[in-house]
> 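Take this structure, written in structure tokens, and hold onto it; I'll ask about it next.
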Amino acid sequence: MQRTRIREILASEAGGPVLLKGWVRTRRDSKGFSFLEINDGSCLANVQVVADHTPELLPALEGVGTGAALAVSGELVESPAQGQRWEVRAASIEVYGLADQEAFPLQKKRHSDEFLRTIAHLRPRTNKYGAMLRVRSEMALAVHDFFRQRGFFHVHAPILTGSDCEGAGEMFRVSNLEAEKAAAMPPEVRAAEEFFGRPAGLTVSGQLEAELMALGLGSVYTFGPTFRAENSNTPKHAAEFWMVEPEVAFADLADDMDLAEGLVRHLVRHALDHCAADLALFGNFVDKTLLPTLENILARPFARLTHAEAIAVLKASGRSFEFPVHETSDLQTEHERFLCEEHFKRPVIVYDYPKEIKAFYMRLNDDNRTVAAMDLLVPRIGELCGGSQREERLDVLARRMAEYGLPEEPYWWYLDTRRFGSVPHAGFGMGFERLLMLVTGIANIRDVIPYPRTPGHLEF
RNA sequence: UCCCCGGUAGCUCAAUCGGCAGAGCGGGUGACUGUUAAUCACUAGGUUCGCGGUUCAAGUCCGUGUCGGGGAGCCA
């Protein structure tokens, strides 16, 4: 007999013989029989197994408690008691693996996030992390869904890179040389000895390569791991995270903002439609305001305003901020939160930033002071997407690189795309984990990625 | 990296002015014929994060290290 997943068992229309396999969440004993709540990860809900203390079943129940892995075959029947429609009346139980109750760290009670992080190898067996992982999978599918519907192609940008200064953060160095020997080598000897014949690192962004492919395929996106060696110790930064980076030819900043807003709306809609049970868990136990927050995101268009207008709003607010508001400075976290949580009470897109505070590849506006950049801010998390129209004019791009002190030679291929058939184009990056934080209400990035990599942490 | 807060039983936490180390949950044993984080009774369980110091006496005060959390910066 083939095993049936609990998700399907609970959706059954009729009873009958059934084989299920999973892990015991709780066991309750009465005189003469036991209740076992079994979960197999296929959905949030458990199925209740009723096991009579018969001569056949009683020995199998010996030592079975929270965490034990079992196969149960029996009869799916309508449950006579409140609380569940179906239950399984066990005919035989096979134990795959017991879990010593003295030593098994997961108990049938609420655990703190901090504790569960220390046992991340067992976290997938909890309601909250099981739900998170199912939503994560569903959201990844929805990303591909969104872009496919719009004629985008999924492209793979390299993870190993030789571009030293993409301007997006500190890079992890990659080398196949023994560290001590390499350190003793003079730089030119070392470069020659390196696997790639030059310094290499892990990508901090697939954007530049995505641009190259957009300028041929039209509309592309990357969706892959990204690495930043920043010593950031915050609930929204990780050293390894997944980023979605669309890049669109023949598109300007307005198109870019429409795309970002469309993506976020699509993903929130998809979560509400396809992950209802898991989202309800987050709404009950993680963030009481989650579902209203998500509905509110869908209810109205996002607010859009220029950086200059944002500064004016902040100044007019009469609020005293810890960091004073200034025309040429970037928005601080407190400013971002004021804008979307208090002033607009919805997601906000800020665009046209002063050129001094943004990257070299962003398109210079006609005012010569600002660039066509945009940040999409959401309540609680802050920056979810950051993007821009790219500078497609060779002379302006070269001048901007010079202003940033960047040598042209390593970027010859990037500049070539502006030399041959250059077109206006735009794109952005969306932090996938930050999206998951938005959709689940989970407050720490370490809890929306299975095995988080942060400064000093490489366990599991 | 900077600022603030914390580390006490397996987990979550209490312990008054520096004066005998405590609870709930979880575990174990037993009871109960339909439980829903079952209930009831009994029971075991401690290097109070490490090191050093002050004191008759330190979970409590001081120094230092370490780990965790929150905030900031960097950004997605």
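A note on names: the letters A, B, ... follow the listed sequences, proteins ahead of strands, and every chain is numbered from 1. As the structure is a computational prediction, the values presented were derived from the model and not from experiment.
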> Establish whether the base of C11(B) is bridged to the side chain of His111(A) by a donor-acceptor pair shorter than 3.5 Å.
no
> Quick one: the side chain of Arg228(A) and the base of A76(B), do they pair up donor-acceptor inside 3.5 Å?
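Counting by modelled atom types and ignoring angles, a donor-acceptor contact under 3.5 Å is found here.
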> Establish, for the pair Arg400(A) and Phe360(A), whether the NZ or CZ atom is under 6.0 angstrom from the six-membered ring centre and no further than 45 degrees off its axis.
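Geometry flag: not set, cation outside 6.0 Å or 45°.
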> Under a 4.0 Å threshold between the charged nitrogen and the carboxylate oxygen, would Glu261(A) count as salt-bridged to Arg304(A)?
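Yes, Arg304(A) and Glu261(A) are salt-bridged.
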> Run the salt bridge (charged side-chain N to carboxylate O under 4.0 Å, His left out) test against Arg446(A) and tell me which residues pass, sequence neighbours left out.
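So Arg446(A) forms no salt bridge (charged side-chain N to carboxylate O under 4.0 Å, His left out) with any residue.
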> Taking syn as a glycosidic torsion within 90° of 0 and anything else as anti, which one is C42(B)?
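That one's anti.
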> Using a strict heavy-atom distance below 4.0 Å, which residues from residues 372-379 of chain A are in contact with RNA chain B?
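The stretch gives none, as no residue of it lies under 4.0 Å from the strand.
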> So what does Phe115(A) hit on the nucleic acid, given a heavy-atom distance under 4.0 Å: a base, only sugar-phosphate, or nothing?
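Sugar-phosphate: the residue Phe115(A), judged by heavy atoms under 4.0 Å, touches backbone atoms but no base.
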> Once you apply a heavy-atom cut-off of 4.0 Å, does Leu435(A) come out as touching a base, just sugar-phosphate, or nothing?
nothing
> Among residues 135-143 of chain A, which contact RNA chain B at a heavy-atom distance under 4.0 Å?
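Going residue by residue through residues 135-143 of chain A, none turns out to have a heavy atom under 4.0 Å of RNA chain B.
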> For a quick test of reading the model, state the closest non-hydrogen atom pair linking Lys128(A) to Ile442(A) and the distance between them.
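That would be CE-CG1, 4.2 Å.
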> Would you classify Ala238(A) as touching base, sugar-phosphate or nothing, given that sugar-phosphate means primed atoms plus P, OP1 and OP2, and contacts are heavy atoms under 4.0 Å?
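Base contact.
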> Which ring-ring contact (aromatic ring centres under 6.0 Å, His included) pairs, counting each pair once, include a residue from residues 45-88 of chain A, with sequence neighbours left out?
none
> Is it possible for you to check whether Arg150(A) lies under 6.0 Å from the centre of the six-membered ring of Phe146(A), through NZ or CZ, and within 45° of that ring's axis?
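Because its charged atom sits under 6.0 Å from the ring centre and within 45° of the axis, Arg150(A) does stack over Phe146(A).
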> Just to verify, what does Phe147(A) make a ring-ring contact (aromatic ring centres under 6.0 Å, His included) with, not counting sequence neighbours?
Phe152(A), Tyr221(A)
> By the definition side-chain hydrogen bond (donor to acceptor under 3.5 Å, both in side chains), identify the one residue from Lys315(A), His307(A), Arg369(A) that meets it with Glu327(A).
Lys315(A)
> Between Thr26(A) and Gly429(A), which residue's closest nucleotide on RNA chain B lies nearer the 5′ terminus?
Thr26(A)
> Write down the distance separating the P atoms in A15(B) and C20(B), rounded off to the nearest Å.
15 Å
> Just jot down the salt bridge (charged side-chain N to carboxylate O under 4.0 Å, His left out) partners of Glu383(A), sequence neighbours excluded, or say none.
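Counting only residues at least two positions away or on another chain, Glu383(A) forms no salt bridge (charged side-chain N to carboxylate O under 4.0 Å, His left out).
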> Do nucleotides 25-35 of chain B as a string where each nucleotide becomes B, S or -: B if the base has a protein heavy atom under 4.0 Å, S if just the sugar-phosphate does, - if no protein is that close.
BSSS---BSBB
> How does protein contact run along nucleotides 40-45 of chain B, one letter per nucleotide 5' to 3', with B for base contact, S for sugar-phosphate only, - for none, heavy atoms under 4.0 Å?
------
> Donor-acceptor pairs are to be reported for all side-chain atoms of residues 63-81 of chain A against protein atoms at under 3.5 Å, with residues two or more places apart or in another chain.
residue, atom, partner, partner atom, Å
Thr66(A), OG1, Arg25(A), O, 3.1
Ser73(A), OG, Ser92(A), OG, 2.8
Ser79(A), OG, Ala81(A), N, 3.4
Ser79(A), OG, Gln84(A), NE2, 3.0
Ser79(A), OG, Glu87(A), OE1, 3.0

> With rounding to the closest Å, how many angstrom separate the C1' atoms on C75(B) and U16(B)?
47 Å
> Under 6.0 Å from the OH atom of Tyr404(A), do we count more than 12 heavy atoms belonging to anything else shown?
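Enclosed: over 12 neighbouring heavy atoms sit under 6.0 Å from OH of Tyr404(A).
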> Scan residues 330-340 of chain A against RNA chain B and write down, sorted by residue number, each residue with any heavy atom closer than 4.0 Å; if none is found, say none.
Gln332(A), Thr333(A)
> Is the shortest side-chain N/O distance from Arg117(A) to OP1 or OP2 of G69(B) below 4.0 Å?
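It does, given that an N or O in the side chain of Arg117(A) lies less than 4.0 Å from OP1 or OP2 of G69(B).
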> Name the pairs: protein N/O against N/O of nucleotides 1-9 of chain B, kept only if under 3.5 Å.
residue, atom, partner, partner atom, Å
U1(B), OP1, Asn231(A), ND2, 2.8

> Near RNA chain B, which residues from residues 451-460 of chain A have a heavy atom under 4.0 Å away?
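Those residues whose heavy atoms fall under 4.0 Å from RNA chain B, taken from residues 451-460 of chain A in numerical order, are His457(A).
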> Pro235(A) side chain: which of G71(B), A76(B), G68(B) is closest?
G71(B)
> Can a salt bridge be assigned to the pair Glu433(A) and Arg136(A) using a cut-off of 4.0 Å between side-chain N and carboxylate O?
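Answer for the salt bridge query: yes.
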